[in-house]
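Keep in mind that this is a model prediction, so the values were computed, not measured. The first residue of the sequence shown is numbered 1, and numbering continues consecutively from there.
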Amino acid sequence: MPTYNCGRFIGESIDSVLAQTYSHWELLIVDDCSTDNTEQIVSQYTDSRIRYMRNEHNMGAALTRNRALREAKGRYIAFLDSDDLWAPEKLEKQLCFMKQNGYKFSYTCYSEMDSNGKDTGILVTGPSRITKNGMFAFCWPGCLTIMYDAEAVGVIQIENIRKNNDYAMWLKVCKKANCYLLPEVLAKYRRGRVGSVSNHTIFHLIKWHYKLFRDAEKMRITTSLYHTLVNLVCGLYKKIRYTKFIKH
């Protein structure tokens, strides 16, 4: 759980981990020099499974995630941003899904809420199987739904890119294992928070996708432009095919 100035939300995110029906977990919270009350909120939690670390200086989300991945002791790695939520059965169901099928990399469906935690009625799913080529075409999984087997994949470390650092991780993991969908809604994504990627323009998204392929994947300019274009097309397809509005 990387965090930066999420004191308003992080308690609720931690509570959703504490509520897991699967109890053998560790929660690594890496604070990227928050200037709000994040540290005070986290200090109220005394559960020994929660480990809080604070960067000596602001490093950005990519290097903050890298630090957490180096510190992680568990075989299975899952991600939860400090303003998102897991359903209580998330870890238990996903671990069972992976072990029963021999999968090394998986994700789930998720629903969306607004910045105040109110359900928007939007449900996001994805392809039942994502190959390496499929993952390079688009970032289908939500970061808060991913789980992978570190024993099979190894320790992931990504380049220091400002945005799309979660996607940069999946591009590395998918070179080792296909990603499979557990078709259940097991997480909630908070949309619209100040600073969130969901608030930015299409121009910014194009720029960040290009930098992902060019800087993180070290691709040629033409190849980076090609993958950026494919991502734009697949992003539209995802909105049509895999994003649903459920009436309350």
Tell me which pairs pass salt bridge (charged side-chain N to carboxylate O under 4.0 Å, His left out) where either residue lies in [range], with sequence neighbours left out.
range            : answer
residues 86-101  : Lys93-Glu184
residues 206-216 : Lys211-Asp215
residues 2-11    : none
residues 131-144 : none

(request) Determine which pairs satisfy ring pair (Phe, Tyr, Trp, His ring centres under 6.0 Å) with at least one residue from residues 12-47, sequence neighbours left out, and list them in order. (result)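 Non-adjacent pairs meeting ring pair (Phe, Tyr, Trp, His ring centres under 6.0 Å): zero.
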(request) Give a yes-or-no answer on whether the side chains of Thr131 and Asn133 include a donor-acceptor pair shorter than 3.5 Å. (result)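 Checked: Thr131/Asn133 side chains show no N/O donor-acceptor pair below 3.5 Å.
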With side chains defined as the heavy atoms from C-beta onward, is the minimum distance between [X] and [Y] less than 4.5 Å?
X      : Y      : result
Met98  : Tyr76  : yes
Glu26  : Leu28  : yes
Ile29  : Ile14  : yes
Ile156 : Val153 : yes
Asn231 : Cys234 : no
Ile146 : Phe105 : yes
Cys179 : Met135 : yes
Pro141 : Tyr167 : no

Is it true that a side-chain atom of [X] and a backbone atom of [Y] form a donor plus acceptor pair closer than 3.5 Å?
X      : Y      : value
Asn178 : Arg129 : no
Asn101 : Phe97  : yes
Asn116 : Lys118 : no
Asp119 : Gly121 : no
Ser16  : Trp86  : yes
Thr120 : Glu112 : yes
Ser224 : Arg220 : yes
Ser13  : Asp84  : yes

(message) The criterion is side chain to side chain donor-acceptor pair (under 3.5 Å); which residues satisfy it with Thr35, sequence neighbours excluded?
(response)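 Side chain to side chain donor-acceptor pair (under 3.5 Å) list for Thr35, sorted by chain: Asn5.
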(request) Identify, with sequence neighbours excluded, every residue that meets side chain to side chain donor-acceptor pair (under 3.5 Å) alongside Asn37. (result)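 For Asn37 there are no side chain to side chain donor-acceptor pair (under 3.5 Å) partners, ignoring immediate neighbours.
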(request) Would you mind checking if Arg65 and Asp81 are paired as a salt bridge, meaning a charged N to carboxylate O distance below 4.0 Å? (result)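 Looking at Arg65 together with Asp81, the answer is yes, because their closest N to O distance falls below 4.0 Å.
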(request) Using a strict cut-off of less than 4.0 Å between a Lys/Arg side-chain nitrogen and an Asp/Glu carboxylate oxygen, indicate whether Lys172 and Glu159 qualify as a salt bridge. (result)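 So Lys172 does not pair with Glu159 through a salt bridge.
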[X] vs [Y] aromatic rings, parallel, tilted or perpendicular, using cut-offs 30° and 60°?
X      : Y      : answer
Trp170 : Phe79  : perpendicular
Phe138 : Trp140 : perpendicular
Tyr103 : Tyr180 : parallel
Phe136 : His227 : tilted

Closest heavy-atom contact between [X] and [Y]?
X      : Y      : result
Ile161 : Ala168 : CD1-CB, 4.0 Å
Lys238 : Cys139 : NZ-O, 3.9 Å
Asp166 : Cys143 : OD2-CB, 3.4 Å
Gly7   : Ile41  : O-CG1, 3.9 Å
Cys109 : Thr145 : O-CG2, 4.1 Å

(message) Can you list, by chain and residue number, the hydrophobic cluster partners of Val155 when the side-chain cut-off is 4.5 Å?
(response)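 So far as hydrophobic clustering goes, Val155 is joined with none.
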(request) Output the rest of the hydrophobic cluster of Val230: all Ile, Leu, Val, Met, Phe, Trp and Tyr residues reachable through side-chain heavy-atom contacts under 4.5 Å, sorted by chain and number. (result)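 Its cluster partners, ordered by chain and number, are Tyr226.
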(message) Going by the rule salt bridge (Lys or Arg N to Asp or Glu O under 4.0 Å), which residues pair with Asp149 if we only count those two or more places apart in sequence or in a different chain?
(response)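 Asp149: salt bridge (Lys or Arg N to Asp or Glu O under 4.0 Å) contacts with Arg75, Lys104.
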Listing, residues 49-60 side-chain donor-acceptor contacts under 3.5 Å, not counting sequence neighbours, or none:
from: Arg49; atom 1: NE; to: Asp47; atom 2: OD1; distance (Å): 2.9
from: Arg49; atom 1: NE; to: Asp47; atom 2: OD2; distance (Å): 3.4
from: Arg49; atom 1: NH1; to: Ser23; atom 2: O; distance (Å): 2.8
from: Arg49; atom 1: NH2; to: Asp47; atom 2: OD2; distance (Å): 2.8
from: Arg51; atom 1: NH1; to: Glu71; atom 2: O; distance (Å): 3.4
from: Arg51; atom 1: NH2; to: Glu71; atom 2: OE1; distance (Å): 2.9
from: Tyr52; atom 1: OH; to: Asp31; atom 2: OD2; distance (Å): 2.6
from: Arg54; atom 1: NH1; to: Asp31; atom 2: OD2; distance (Å): 3.3
from: Arg54; atom 1: NH1; to: Ser34; atom 2: O; distance (Å): 3.4
from: Arg54; atom 1: NH2; to: Ser34; atom 2: O; distance (Å): 3.1
from: Asn55; atom 1: OD1; to: Arg67; atom 2: NH1; distance (Å): 3.0
from: Asn55; atom 1: ND2; to: Asp32; atom 2: OD1; distance (Å): 2.8
from: Asn55; atom 1: ND2; to: Thr64; atom 2: OG1; distance (Å): 3.1
from: Asn58; atom 1: ND2; to: Asp32; atom 2: O; distance (Å): 3.0
from: Asn58; atom 1: ND2; to: Asp32; atom 2: OD2; distance (Å): 3.2

(message) So for atom NZ, which belongs to Lys175, do other residues, nucleotides or ligands contribute more than 12 heavy atoms lying within a distance under 6.0 Å?
(response)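 Yes, enclosed.
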(request) Nearest 0.5 Å please: distance from the CE atom of Met147 over to the CG atom of Leu186. (result)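 Met147 CE to Leu186 CG: 9.5 Å, rounded to 0.5 Å.
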(message) Within this structure, what is the CG-CE distance for the pair Asp83 and Met1, rounded to the nearest 0.5 Å?
(response)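 Rounded to the nearest 0.5 Å, the CG-CE separation comes to 9.0 Å.
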(message) Restricting to side chain to side chain contact (heavy atoms under 4.5 Å, CB included), what partner residues turn up for Glu12, sequence neighbours left out?
(response)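 Listed in chain order: Leu85, Arg190.
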